[in-house]
Amino acid sequence: MRGKRAVLLALVAALCVCALGCKKKPTLVRGATPPPPSTPMPMPMPTPTVDPVVAAKLLRVERTRKENAYIDMSNVLNGRFQDSLDRYFGCFGAAAQPNTNDPYAPYIMGDYYKKSIQEALYFTALAPETPDLDAIVKKLAPMVLDAMALIDKIALYYEEKAYLEDSFASGGEYHTALISIHAQIQELWDAFDEAISITEANNLADALADLQADERMIQYYAMQVFAHTKELLRFLKAGGYGDETVSQANKEEFQQYYEKLEGSIISFLEETEHEESMAREADFTNSARFVSLKREMLDMETCLADMLACVKAGKPAKNGKGTPSAMTEQLGEAIQEYNHAIG
């Protein structure tokens with residue numbers, strides 16, 4: 001099955017002419033003087049001028065909102081959604097007939113995760129256009145929502161042990177349906193991940209430069225942590241290293257990704273100890289979500305250390321924390337707290 005997917009936004013105008021109920025204009029006779037209007041004609045208003053700098057900033061804000069919605073969708077797909085698929089196929093297999101020797105339920109998706117996909121789909125209709133992503137999300141999001149609904153049905157089926165009543169008859173139908181929809185999603189999902197990676201890479205340099213110029217180094221290092229975490233997860237995904245095989249990753253290569261990420265986490269935590277930095281970014285740091293972000297960063301550091309220990313020992317993690325899925329989940333939670341903290 002798929003490897004773990006490693007893992008930061010409307011303008012519709014309508015003009016209605018001559019609605020129902022409008023009075024019919026009198027027919028004019030050629031050469032005749034038109035009848036006077038019933039009310040004085042309004043003076044034409046001057047066309048307002050738009051500051052191009054302001055317009056560019058507003059457009060950038062809307063683009064960021066749209067891209068953040070797509071990034072949220074990516075985090076859900078490569079986090080909870082992928083985890084649920086891995087749990088299901090890890091139990092029942094991907095063969096035509098499910099392995100029902102020791103059945104257990106996949107992770108339920110729930111409304112929170114579905115909402116992220118629905119919001120991404122909503123943004124496809126809004127300006128500014130992002131042609132590559134818009135087209136993919138329009139096709140992918142409805143299929144993902146269908147798959148999530150199916151996963152929730154499967155979860156309920158096995159949680160309530162309904163298979164005991166029908167001898168896995170519905171379970172077999174669900175299994176076939178999930179294999180089918182997963183196969184349909186996979187190609188679009190890969191294209192979506194690639195487009196998101198390009199978008200993030202294009203935006204990261206500009207975002208870091210702006211933060212550095214504004215001396216907002218706490219946010220600067222937070223974004224570095226996110227970028228370096230994604231680099232690590234892409235490295236593991238490209239090598240086919242999942243939760244059970246991460247210990248087999250090349251030690252020297254893993255060490256390089258580890259040092260970059262650990263360095264960013266340390267820089268972030270050290271910057272939060274500087275009173276001047278905390279005061280300069282008070283709009284970001286004076287919130288409960290920022291406190292939660294710091295906690296998530298510490299948890300990411302622990303997860304990273306556990307993963308390094310697995311790689312060095314060549315043995316899988318016993319506590320399940322030093323795994324790509326655990327790191328993906330930590331990353332998603334940290335990004336969520338960051339987005340809430342910046343408002």
Side-chain angles (χ1 to χ4, degrees), residues 5-9 60-61 63-76 78-80 116 196-236 256-308 321 324-343:
R5 299 175 178 269
V7 106
L8 304 80
L9 285 233
R60 184 173 177 180
V61 168
R63 181 180 295 278
T64 299
R65 290 180 64 234
K66 187 173 198 174
E67 290 174 350
N68 282 348
Y70 291 164
I71 290 169
D72 272 349
M73 175 173 168
S74 176
N75 291 336
V76 169
N78 294 299
R80 181 71 170 192
S116 292
I196 280 288
S197 296
I198 294 171
T199 297
E200 289 185 313
N202 291 339
N203 292 343
L204 180 62
D206 290 341
L208 291 176
D210 289 345
L211 291 170
Q212 195 167 29
D214 293 339
E215 296 185 9
R216 300 180 70 87
M217 299 308 294
I218 296 176
Q219 291 182 56
Y220 175 91
Y221 287 123
M223 290 196 68
Q224 267 202 345
V225 170
F226 302 152
H228 291 160
T229 304
K230 290 177 180 181
E231 287 179 8
L232 171 62
L233 292 172
R234 281 195 289 269
F235 157 70
L236 295 173
Q256 293 176 12
Y257 288 98
Y258 167 85
E259 290 175 359
K260 286 179 67 176
L261 177 51
E262 175 66 8
S264 294
I265 295 174
I266 290 174
S267 295
F268 169 83
L269 294 173
E270 287 180 346
E271 199 68 30
T272 63
E273 299 300 318
H274 297 162
E275 292 183 5
E276 184 178 348
S277 296
M278 291 290 286
R280 185 184 301 115
E281 300 181 58
D283 57 333
F284 174 62
T285 59
N286 288 346
S287 71
R289 305 311 287 260
F290 176 75
V291 175
S292 297
L293 173 61
K294 284 188 67 175
R295 186 168 56 248
E296 295 297 343
M297 290 291 194
L298 290 168
D299 289 344
M300 289 177 71
E301 189 174 34
T302 300
C303 183
L304 180 63
D306 289 343
M307 198 181 298
L308 178 65
K321 293 183 178 179
S325 61
M327 182 60 83
T328 300
E329 184 174 352
Q330 288 293 158
L331 173 63
E333 291 173 357
I335 290 175
Q336 184 179 29
E337 297 301 338
Y338 177 90
N339 287 340
H340 282 294
I342 63 175

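Just so we're clear, the structure is a prediction, and the values are computed from it rather than from any experiment.
For the atom pair CE (Met300) and OG1 (Thr229), the distance works out to 3.0 Å, reported to the nearest 0.5 Å. One finds the CG atom of Leu208 at 10.5 Å from the OH atom of Tyr221 (value rounded to the nearest 0.5 Å). The distance from the CD atom of Gln219 to the CG atom of Leu211 is 5.5 Å, given to the nearest 0.5 Å. In this structure, CG in Leu204 is found 8.0 Å from CD in Gln224, a value given to the nearest 0.5 Å. Summarising the geometry, atom CD1 belonging to Ile266 is positioned 10.5 Å from atom CD belonging to Glu259; distances are rounded to the nearest 0.5 Å.
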Apply side chain to side chain contact (heavy atoms under 4.5 Å, CB included) to residues Met307 and Leu236 and explain how you reach the verdict. CA-CA 11 Å; Met307 198 181 298; Leu236 295 173; 3.8 Å; yes

Check the pair Thr328, Leu233 against side chain to side chain contact (heavy atoms under 4.5 Å, CB included), reporting the backbone distance first and the verdict last. CA-CA 8 Å; Thr328 300; Leu233 292 172; 3.6 Å; yes

Where do Ser74 and Glu200 land on the side chain to side chain contact (heavy atoms under 4.5 Å, CB included) test, with the steps shown first? CA-CA 11 Å; Ser74 176; Glu200 289 185 313; over 6 Å; no

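Put simply, the side chain of Ser292 does not reach to within 4.5 Å of the side chain of His340, judged on heavy atoms. Considering only heavy atoms from C-beta on, Met297 comes within 4.5 Å of Leu293 through its side chain. Between Leu269 and Glu301 there is a side-chain heavy-atom pair separated by less than 4.5 Å. Contact of the Lys230 side chain with the Ile335 side chain is registered, since non-hydrogen atoms from C-beta on lie closer than 4.5 Å.
Listed by chain and number, the residues in a side chain to side chain donor-acceptor pair (under 3.5 Å) with Asp283 are Arg216 (sequence neighbours excluded). Residues passing the salt bridge (Lys or Arg N to Asp or Glu O under 4.0 Å) test with Glu275: none are found, sequence neighbours excluded. For Glu333, the side-chain contact (heavy atoms from CB on, under 4.5 Å) partners are Glu296, Glu329, Gln330, not counting sequence neighbours. Every residue two or more places apart in sequence or in another chain that forms a ring-ring contact (aromatic ring centres under 6.0 Å, His included) with Phe290 is listed here: Phe284. Residues passing the salt bridge (Lys or Arg N to Asp or Glu O under 4.0 Å) test with Arg289 are Glu337, sequence neighbours excluded. Evaluation of the salt bridge (Lys or Arg N to Asp or Glu O under 4.0 Å) rule for Glu231 yields Lys260 as partners, not counting sequence neighbours. Every salt bridge (Lys or Arg N to Asp or Glu O under 4.0 Å) that Glu215 has, sequence neighbours left out, goes to Arg280. Residues satisfying the side chain to side chain donor-acceptor pair (under 3.5 Å) test with Glu271, not counting sequence neighbours, are Ser277. In terms of the side-chain contact (heavy atoms from CB on, under 4.5 Å) criterion, residue partners of Asn202 (sequence neighbours excluded) are, by chain and number, Ile198. The side chain to side chain donor-acceptor pair (under 3.5 Å) check on Asn203 picks up Glu67, with sequence neighbours excluded. Ala207 meets the side-chain contact (heavy atoms from CB on, under 4.5 Å) test with Met223; sequence neighbours excluded.
Panel note: side chain Ser287, backbone Ala341; no donor-acceptor pair is recorded below 3.5 Å.
A ring pair (Phe, Tyr, Trp, His ring centres under 6.0 Å) check over residues 258-278, counting only residues at least two apart or in different chains, returns nothing.
The minimum heavy-atom distance between Leu261 and Val225, with the atom names listed, is CD1-O, 3.6 Å.
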